[in-house]
2 protein chains.
Amino acid sequence: MDTPIINNLFTLMQRYRMTMRDVINANELGLNAMHVRCLHIIEATEACTANDIVQKMQRDKAQVARLVKDLMNLGFIEKNASKEDKRRFILSFTESGSALLMKLLAAQKEINNSLCKGLNKAQLDTFLSVVDKMSENLK
Amino acid sequence: MDTPIINNLFTLMQRYRMTMRDVINANELGLNAMHVRCLHIIEATEACTANDIVQKMQRDKAQVARLVKDLMNLGFIEKNASKEDKRRFILSFTESGSALLMKLLAAQKEINNSLCKGLNKAQLDTFLSVVDKMSENLK
DNA sequence: TGATATTGTTGATATTATCAACTATATCAT
DNA sequence: ATGATATAGTTGATAATATCAACAATATCA
């Protein structure tokens, strides 16, 4: 049996997680990789709610609720009930959260750069379209 | 910030894990996804040892030791000390393990097919080389 | 208005991952 | 040959990630 494609992906993801963990540990915060992903999503999403994070990360809402709670307890974000829909809470950064975010964005960019080193645009485009097609195939 | 490539990969891996879990549950054994990956590696590796699995899965040896122990307790594999090096244990399938493997290989193949549906060889080749290059970049 | 759906929280638990300490065996340099 | 160092594997402790079910509050729709 020729080893399935997915194994190469497992290896890549493993390496990525380790790289990410090093960065996070280097900054010595009470955070893990999923917290960081949440922060990035909150930043990138207009009036982000917990449910937005659920959609974008494709994770269970229970998991997300806990990550958000942690981030609030750590004082990086706060939530306010939406005026249009009181079930929703809009997430936003505190001052210390914004400061943290700056650092994380810089780190993320650096990781992304080293990830893509030696690859040209055509390769990356093909890669991305294949990834998305595969996700679609499994939906 | 354009969302980093890795997010698309996270989504894909998540979908893959869910697909895999469905298949495994359908087989209704005391196994999880990592057990299944171990079995595949044992099958694909001549005189496979725990350390081979560690290398190929890029996981901690403690984690692998426990997965192997589970598989033995479930009666799917057995281990025998290598004659050349008594620290090593060669892993092999029991009869019921072989039977299980047949089913898992079929399932794996099916998943792999649906994963690659609608993608041509050139795309898949580029994809794989990019994945490997990225792994290399993070090493 | 009542039935149904959505958003988010919590409890319980399973799965996956990490690190350190340890045993046994092997290897290597002297 | 012996002692130092390295490797293979095990176990304990714990952290990180994920899943499912039950629930409260609010929204939507017939």
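Side chains included, hydrogens not; waters and symmetry mates left out as well; all remaining heavy atoms used. Chain letters run A, B, ... following the sequence lines, proteins first and then strands; every chain starts at 1.
- Atom CG of residue Leu74(A) and atom CG of residue Leu31(A) lie 6.0 Å apart, to the nearest 0.5 angstrom.
- In this structure, CD of Glu84(B) is placed 14 Å from C1' of dA8(D), rounded to the nearest angstrom.
- A salt bridge does not link Glu136(A) to Lys133(A): none of the charged nitrogens lies less than 4.0 Å from a carboxylate oxygen.
- Residues from residues 53-67 of chain B with heavy atoms under 4.0 angstrom of DNA chain C, sorted by number: Arg59(B), Asp60(B), Ala62(B), Gln63(B), Arg66(B).
- Remark on DNA chain C: of its neighbouring residues Arg88(A) and His35(B), the 5'-side contact belongs to Arg88(A), judged by nearest-heavy-atom nucleotide.
- Listed by first and then second residue, the ring pair (Phe, Tyr, Trp, His ring centres under 6.0 Å) pairs involving residues 42-67 of chain B amount to none (not counting sequence neighbours).
- If you take CE on Met134(A) and CD on Gln123(B), they are separated by 9.5 Å, rounding to the nearest 0.5 Å.
- Under a hydrophobic clustering in which Ile, Leu, Val, Met, Phe, Trp and Tyr are joined whenever their side-chain heavy atoms come within less than 4.5 Å, directly or via other members, Met57(A) and Leu12(B) fall into the same cluster.
- The hydrophobic cluster containing Ile24(B) also contains Leu105(B), counting ILVMFWY residues as joined when their side-chain heavy atoms lie under 4.5 angstrom apart, directly or transitively.
- The span of DNA chain C lying next to chain B, judged by atoms under 4.0 Å from heavy atoms, is bounded 5' to 3' by dT15(C) to dA26(C).
- Over its length, the helix from dT1(C)-dA30(D) to dT30(C)-dA1(D) turns its helix axis by 40°, as judged from the five terminal pairs at each end, rounded to 10°.
- Applying a 4.0 Å cut-off to non-hydrogen atoms, none of the residues of residues 12-22 of chain A approaches DNA chain D.
- With sequence neighbours excluded, the residues that form a side-chain contact (heavy atoms from CB on, under 4.5 Å) with Tyr16(A) are Met20(A), Gln108(A), Ile111(A), Ile6(B), Phe10(B), Leu138(B).
- With sequence neighbours excluded, the residues forming a side-chain contact (heavy atoms from CB on, under 4.5 Å) with Gln58(B) are Thr11(A), Gln14(A), Arg15(A), listed by chain and number.
- Expressed to the nearest 0.5 Å, how far CD1 of Ile42(A) lies from CG of Leu101(A) amounts to 9.0 Å.
- Taking Asp52(B) as the reference, Thr45(B), Cys48(B), Thr49(B) meet the side-chain contact (heavy atoms from CB on, under 4.5 Å) condition, with sequence neighbours excluded.
- More than 12 heavy atoms of other residues, nucleotides or ligands sit less than 6.0 Å from atom CD of Glu78(B).
- Scanning for side-chain contact (heavy atoms from CB on, under 4.5 Å) contacts around Asp132(A) gives Asn8(B), with sequence neighbours left out.
- Ile77(B) and Ile90(B) fall into different hydrophobic clusters, defined by Ile, Leu, Val, Met, Phe, Trp and Tyr side-chain heavy atoms under 4.5 Å apart, directly or through other members.
- In terms of the ring pair (Phe, Tyr, Trp, His ring centres under 6.0 Å) criterion, Phe76(B) has no residue partners (sequence neighbours excluded).
- Each ring pair (Phe, Tyr, Trp, His ring centres under 6.0 Å) pair with one or both residues in residues 108-139 of chain B, not counting sequence neighbours, appears once here: Phe127(A)-Phe127(B).
- Contacts between residues 69-83 of chain A and DNA chain D, defined by a heavy-atom separation under 4.0 Å, are absent.
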